[in-house]
*Asks:* 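I am attaching a structure below and will ask some questions about it afterwards.
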Amino acid sequence: MYIKPMTWDHNSEHKAYHFKTAFVGGAWANNVRMHVGADGLIAALSVDSAAEEGDVSFSGFAIPAMANAHSHAFQRAFAGLAERRQAGNADSFWSWRKEMYGFLANLTPEDVSAISAQLYVEMLKAGYTSVAEFHYLHNDKDGSAYADKTIMSKAIIDGAERAGIGLNLVPILYQRAGFSGGDLSDGQKRFYLSTQDYVDLHSSLNCEKSIGFHSLRAVSLSEVLAVSSAVSDVGVHVHIAEQQAEVDDCLKHTGARPIEYLYDNLPVNDRWCLVHATHVNEAEVAMVAKSKAVVALCPSTEANLGDGIFPIQSFLAAKGRFAIGSDRHVTINPMEELRQLEYVERLSTQKRIVLDSGANLWQGAVSGGAQVMGQANGLCVGAKADVLVLDERHPSMAGRSGDEVFDALVFTSHGNPIKHVLASGNWVIKYGQQKHQETILSNYNKTIISLMERR
Ligand SMILES: [Zn+2]
């Protein structure tokens, strides 16, 4: 029998893969054959089937890949900066934001493309096969529009294509400094679009895309409504209630808390992705869970920025839906995000296994991520053929079987056991390597060195 050799260019119209062990339709199965259609979706799945001629065969454990529900690509280049105490010992999210604005002031579309490509290769290697890119850096350095208003969006699309990740581009509307209105600061002028320019940008991008509003502090309710009525039937992303000061300011100007205010005025449903939602009270937890919106939690970023702790226990008890995102990219590792989510609860309750097993945390985040991306959940016919193959010979996986595989994946950190990655049926990571990784990395390094010199 001829089993297809491992080459980079396995891009025939119909791809066939064979997995020794795979998590299919919510259960473990052996000898799984998977056919992928030209659309990148799983066209057929069969268990207890022998490999056939032309199949690419994998040993190890095949599991559904993770979607990254929240990313700001350019911030990858800023990770590790802004970690020194400023004068007055009053460092906060707001002082970090000021430093971040200083960093992004010099970015060009070429820089953003180089950074995105590197970031997305790192995501693929870490097990994220798709990403919702929350993109608000639209304008030139002086705040004026580029001649080609799509140039920054195209830089991100270019980075995603070179890496091979599934991109859900979320162009973001950002129009004002705060709830009281007010002109944008110099650091924010690269973000501004008029509502019409936003709608035009959205319609001119030829890619998978959602709509998004930076936050209720940065976009008035009337503009949220205007965009929502101009572009319907897509995912909707918004940062919400990330900082206590934001909640206080919203209360002061609207008489309501941000999530209350959102739900009072908009028909929030399962197309919505609420990013962070950190500062929620019990009534809001119930409201969000009932609406079936997904909360995109970014534990590493929320810790790094000192945001606060989302009440995940009561949210899960109310059957709330969550996804994870790497946001500012201090780490690109879905296992670490989930581990941190659970560990914060263990530390604050002095108990163990507070939220759930590694298996259920992984599957919960995969399910929420699929909802954010508008895709079917898990490995089943009609879902995107996004698969991670874990190395059964990795020390963390040795002797593990069934759900112990997920638990070992989430709750150990001894190097990366992800050996192969399929994204939309394309075999994008082989033996931990991406085809263009050397070129992408060297381009990234050159870009960062140049950026540091331009500071
Ligand atoms: Zn964010």
Side-chain angles (χ1 to χ4, degrees), residues 66-79 81-82 92-101 103-104 107 112 115-116 119-120 123 128 130-138 152-153 156 167-175 177-178 187-188 190-191 209-219 224 235-247 250 258-259 262 272-280 293-310 322-334 337 340-341 365 368-369 372-373:
M66 189 63 72
N68 191 333
H70 190 65
S71 162
H72 308 286
F74 74 85
Q75 292 188 21
R76 170 66 185 92
F78 188 56
L81 296 176
S92 68
F93 171 89
W94 308 101
S95 60
W96 166 82
R97 191 179 74 158
K98 202 168 159 205
E99 290 188 70
M100 189 264 286
Y101 288 171
F103 179 80
L104 69 80
L107 290 169
V112 169
I115 295 164
S116 303
L119 169 71
Y120 295 151
M123 283 191 193
Y128 292 117
S130 58
V131 56
E133 179 61 42
F134 197 96
H135 166 51
Y136 56 84
L137 184 61
H138 303 298
M152 275 296 193
S153 303
I156 291 167
L167 176 69
N168 179 351
L169 187 65
V170 190
I172 293 299
L173 190 61
Y174 196 122
Q175 295 185 320
Q188 296 168 327
R190 301 194 72 178
F191 314 155
K209 54 195 184 278
S210 298
I211 59 172
F213 311 99
H214 180 273
S215 53
L216 296 178
R217 66 175 190 270
V219 186
V224 172
V236 188
H237 295 239
V238 64
H239 287 133
I240 198 149
E242 181 177 6
Q243 285 280 317
Q244 186 58 47
E246 176 189 351
V247 177
C250 187
I259 287 177
L262 181 74
W272 283 70
C273 177
L274 307 181
V275 183
H276 306 302
T278 310
H279 298 279
V280 282
V294 172
V295 172
L297 299 168
C298 311
S300 63
T301 294
E302 288 149 11
N304 184 275
L305 297 181
D307 284 346
I309 300 170
F310 176 76
F322 76 99
I324 54 166
S326 58
D327 195 346
R328 71 156 303 208
H329 314 306
V330 285
T331 185
I332 298 162
N333 184 327
E337 302 292 350
Q340 189 162 336
L341 196 61
V372 169
M373 300 295 173

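Counting convention: from 1, in listed order, for ligands and their atoms alike. Everything numeric here is computed off the predicted structure, so don't read it as measured data.
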*Asks:* Should the ring pair His214 and Phe134 be called parallel, tilted or perpendicular, given that the plane angle runs from 0 to 90° and is split at 30 and 60?
*Replies:* perpendicular
*Asks:* Could you tell me whether the Zn ion (ligand 1) has an N, O or S atom of His239 under 2.8 Å away?
*Replies:* yes
*Asks:* Hey, what's the angle at the Zn ion (ligand 1) spanning NE2 (His70) and NE2 (His72), nearest 10 degrees?
*Replies:*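 About 100°, to the nearest ten degrees.
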*Asks:* Indicate the ring-plane relationship of His135 and His138, choosing parallel, tilted or perpendicular according to the 30° and 60° boundaries.
*Replies:*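 His135 and His138: perpendicular rings.
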*Asks:* Applying salt bridge (charged side-chain N to carboxylate O under 4.0 Å, His left out), can you list everything that pairs with Arg190, at least two apart in sequence or on another chain?
*Replies:* none
*Asks:* Can you list everything that forms a side chain to side chain donor-acceptor pair (under 3.5 Å) with Ser215? Sequence neighbours excluded, please.
*Replies:* none
*Asks:* Just checking: Cys298, one of its N/O/S atoms, less than 2.8 Å away from the Zn ion (ligand 1), yes or no?
*Replies:*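 Checking the Zn ion (ligand 1) against Cys298, no N, O or S atom falls under 2.8 Å.
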